[in-house]
Amino acid sequence: MRVSRLLLVTLRDDPAEAEIPSHRLLLRAGYIRRVSSGIYAYLPLLWRVLQKVSRIVRDEMDATGALETLLPQLQPADLWQRSGRWAGYTAGEGIMFHLHDRQGRELGLGPTHEEVITALAADLLQSYRQLPVNLYQIQTKFRDEIRPRFGLMRGREFIMKDAYSFHADEDSLRQTYAAMDQAYRRIFARCGLRAVAVEADSGAIGGSASQEFMVTAEAGEDLILTSADGRYAANQERAVSLAPEARPLASVPLAELNTPGLASIEDLCKVHGFDPSQTVKVLLLLARFAEGRPQPLLVCLRGDQQLNEVKLANAVSAAAEPAASGLLEIAPISPEQLQAEGLAPLPFGSLGPQLGDGVLAGARSWHPRFLRLADATASALPLFVCGACRPDTHLVGASWSSLGAQADWTISTVDLRNAQPGDACLHDPEQRLHAARGIEVGHIFQLGRKYSQALEASFTNESGQNEALWMGCYGIGVSRLAQAAVEQHHDGQGICWPVSIAPYEVVVVPANTEDPTQAQLAESLYTTLQEAGVEVLLDDRSERAGVKFKDADLIGIPWRVVVGRGAAAGQIELVERQGSLRQDLAAAELLTVLLPRLEQGRRGLAEQPT
RNA sequence: CGGGAUGUAGCGCAGCUUGGUAGCGCACUUCGUUCGGGACGAAGGGGCCGCAGGUUCGAAUCCUGUCAUCCCGACCA
């Protein structure tokens, strides 16, 4: 391709709307244009990148025996009602774009495809003989993100590869899950990305085991915690660790402490000389559901620990009354909300675990009893400091039994704390957790039978019995991956694409187009490279050399062939975008020198074939 | 949705405090010189000052409303 015909529009200044390097560079180098918040046009250069990523994804998926398909983006509401996800995905902070057709029927724009594929499986899959089967597609997904961000990183419209596998039993599911794990590692390696697999929360998708693939980069939205020995890696949402030991509280009889104006753990400890690990803090929250009444929560944590909201949401979903389903949100209870419910004000700065359900009596819409949860670090404290449930008063030397646990109320112990960098690991307390930031580019799930049961997708097993299908699902954010690659591979001059996903592999730059010798040699090398199967650009623009070099660096073409002063003597210069290689050589030797290196680059970080 | 910020030419910005009818750099067009790391000179073209009301003889500038975009939080590939 000739650069003069490429519609290459590069910007000299950083666009004000972009914050992180990859977003800035994709805009500056002419890869994307914003059409609306979270909605981008993929310009020709980016489309080539996306196609290359897709090709690698296809290649590896096909190699596992998965079948490519293409499912509708416009999906009927009733499918989602049957799976129980319509309300959660459309009401409140739901992310599904939805609309009515001319008949008044409700439709959603597919944010994911479990419902469609499962309905299809129910139709197509009858016998264990057809199993296992794994279907995948690469298409645009629509999600009305609460906050679109960072260009392609979190768009409202984005390209995703999603795969769904169906199995006769859990063991078969585990095998395909493992095969996907391996395929994903190869995909990211072939794309030239350093990615790490971490244990993950399953989120709204549901199911049991799940694993995320993170491209490590400063701008990543996720915090990942890993052990130095590499045996443990998890998203902080999910990570478990050993909390630091609590400082023991001197054994004193239960006593009240006057604490005017001390409404935070920090102030309380500062004034009275306690350590935060000697205190129990109590959070009052309200869980709202798609179905069922709001549930007040009383959550206890050791004073030095932080609440993990994902763990809390999972615990609440598991423990909520049967009538409640589709957890929408959990938020702190405010004095205004209490008033709206017709309830008396509560002493928020000095709450204790012993706060009785009586304070909820007469609530207009809420469940009249607290769901009481305590983190294990709080439950394990023999003696602690906590609020007395009266303004400006705390208790010293409290214990769970002295407060009346088991008698007037019970509290469930669950893991609710955030694991922190520096915490000891469970698998080996000598190992500490280290933090890194990551961009989630892939996520694989063992779904189990959640969707197949809801949508009645069953098959006949070997003994003639009908059984619900076992399912797995496996996603890769293709457009996000492209931007993640830029985030991981750039420098002060621009993008440094890995060869395997670069829009073009080589750019031939005649330093001076006016010089016929240079122009002719450049043309001839351009042809030679094309004939050798190389994806090559010829920068035939009548720009000065500096402009062409700057643009080549900015758009990140991995190899540059400069045809300059040495052209008359048949000498050219070969420059690698990333790294330091820069060598003069005879034009006739170009293929001999370049092709082996290109071939290596095309494999990305994947192992050499043996 | 809560908190913060910004909307002036394709991009980056100034002008707004103190109202007088819009400017700079880059990009674009033409000509000339230049030609290995974003050249120089000359001459041009391009603006509903986000939008709508209001105040005023007069509004980019003051007031009110509204829309859009970005950042921090909840969501996720």
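Per chain, numbering begins at 1; letters A, B, ... match sequence-line order.
- Defined by atom type and a distance below 3.5 Å, a donor-acceptor pair is missing between the side-chain atoms of A:Thr118 and A:Lys450.
- The listed nucleotides are B:C76, B:C11, B:G38; the one nearest the side chain of A:Glu237 is B:C76.
- Taking the six-membered ring for Trp, A:Tyr31 and A:Trp497 have ring centres closer than 6.0 Å.
- Where A:Gly564 and A:Ala16 meet RNA chain B, the nucleotide closest to each residue was compared, and A:Ala16 sits on the side nearer the 5' end.
- Residue A:Glu212 is classed as having no contact, given no heavy-atom separation below 4.0 Å to the nucleic acid.
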Is there a side-chain contact (heavy atoms from CB on, under 4.5 Å) between A:Glu114 and A:Cys473? Walk through the geometry before answering.
CA-CA 8 Å; A:Glu114 282 82 6; A:Cys473 79; 3.5 Å; yes

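- For B:A77, neither phosphate oxygen OP1 nor OP2 lies less than 4.0 angstrom from any side-chain nitrogen or oxygen of A:Ser479.
- Atom NE2 of A:His23 and atom C1' of B:U69 are 11 Å apart (whole Å).
- Across all strands shown, B:C26 is found opposite B:G10 as a Watson-Crick or G-U wobble partner, with both distances under 3.5 Å.
- A:Phe150 places its CZ atom 17 Å from the P atom of B:C76, with the value rounded to the nearest Å.
- Not a single donor-acceptor pair, N or O on each side, falls under 3.5 Å between the base of B:C76 and the side chain of A:Arg143.
- Under the Watson-Crick or G-U wobble criterion, with both distances below 3.5 Å, B:C51 is paired with B:G65.
- B:G36 atom P lies 18 Å from atom CD of A:Gln571, rounded to whole Å.
- No hydrogens or angles were tested; on distance alone, a donor-acceptor pair under 3.5 Å links the side chain of A:Asp13 to the base of B:G25.
- Comparing the same atom, P, in B:C51 and in B:G10 gives a spacing of 13 Å after rounding to whole Å.
- In this structure, the nucleotide among B:U69, B:U34, B:G38 sitting nearest to the side chain of A:Arg28 is B:G38.
- Annotation: salt bridge (Lys or Arg N to Asp or Glu O under 4.0 Å) contacts involving residues 508-526 of chain A, sequence neighbours excluded, comprise A:Arg2-A:Glu523.
- In this structure, of B:A77, B:A27, B:C75, it is B:A27 that holds the atom nearest to the side chain of A:Arg12.
- Between the base of B:C76 and the side chain of A:Arg480 there is a donor-acceptor pair shorter than 3.5 Å.
- The nucleotide whose nearest atom lies closest to any side-chain atom of A:Tyr40 is, among B:C11, B:C35, B:C70, B:C70.
- Under 3.5 Å, the side chains of A:Arg85 and A:Tyr451 contain a donor-acceptor pair of N or O atoms.
- Put simply, CZ on A:Arg147 is 13 Å from P on B:U69, counting in whole angstrom units.
- If you check B:A59 for Watson-Crick or wobble pairing at under 3.5 angstrom, you find it has no partner at all.
- B:U29 and B:C49 are spaced 27 Å apart, taking the P atom of each and rounding to whole Å.
- The interatomic distance linking A:Ile138 (CD1) with B:A77 (P) rounds to 17 Å, in whole Å.
- Checked against a 6.0 Å centroid threshold, the rings of A:Tyr136 and A:Tyr474 do not count as neighbours.
- B:A9 and B:C13 have their P atoms separated by 11 Å, with the value rounded to a whole Å.
- A stacked arrangement is not assigned to A:Phe549 and the six-membered base ring of B:G36, the conditions of a centre distance below 5.5 Å and an interplanar angle below 30° not being jointly met.
- With a cut-off of 3.5 Å on both Watson-Crick or G-U wobble distances, the partner of B:G46 is given as none.
- Rounded to a whole Å, the CD1 atom of A:Ile159 is 12 Å from the C1' atom of B:A77.
- Pair assignment for B:U34: none, as no Watson-Crick or G-U wobble contacts are both less than 3.5 Å.
- As rounded to whole Å, 14 Å separates atom C1' of B:C13 from atom CG of A:Asp14.
- Put simply, A:Arg156 has no side-chain N or O that comes within less than 4.0 Å of OP1 or OP2 on B:C76.
- Under the Watson-Crick or G-U wobble criterion, with both distances below 3.5 Å, B:U18 is left unpaired in every strand shown.
- For residues 29-57 of chain A, the pairs satisfying salt bridge (Lys or Arg N to Asp or Glu O under 4.0 Å) are A:Glu17-A:Arg34, A:Arg48-A:Glu535, A:Lys52-A:Glu535, with sequence neighbours left out.
- When distances run from any side-chain atom of A:Arg154 to the nucleotides B:C11, B:C75, B:G38, the shortest one goes to B:C75.
- Figure legend: cation-pi geometry between A:Arg560 and A:Phe549, with NZ or CZ positioned under 6.0 Å from the six-membered ring centre and within 45° of its axis.
- Nucleotides B:U64 and B:G46 are separated by 36 Å at their P atoms, to the nearest Å.
- At a threshold of 4.0 angstrom between heavy atoms, the contacts of A:Arg541 with the nucleic acid are absent.
- When both distances must be under 3.5 Å, the Watson-Crick or G-U wobble mate of B:G2 is B:C72.
- Comparing the same atom, C1', in B:C70 and in B:G36 gives a spacing of 39 Å after rounding to whole Å.
- Separation of the P atoms belonging to B:A59 and B:C63 is 16 Å when rounded to the nearest angstrom.
- The side chain of A:Ser36 has B:U69 as its nearest neighbour among B:G38, B:U69, B:G36.
- Listed nucleotides: B:G38, B:G37, B:A77. Nearest to the side chain of A:Arg582: B:G37.
- At the phosphate of B:C35, neither OP1 nor OP2 sits under 4.0 Å from any side-chain N or O atom of A:Thr513.
- Here the nucleotide nearest the side chain of A:Arg149, chosen from B:A39, B:G36, B:C75, is B:C75.
- Distance noted for atom P between B:U61 and B:C16: 13 Å (whole Å).
- A distance of about 30 Å separates the P atoms of B:A27 and B:U69, rounded to the whole Å.
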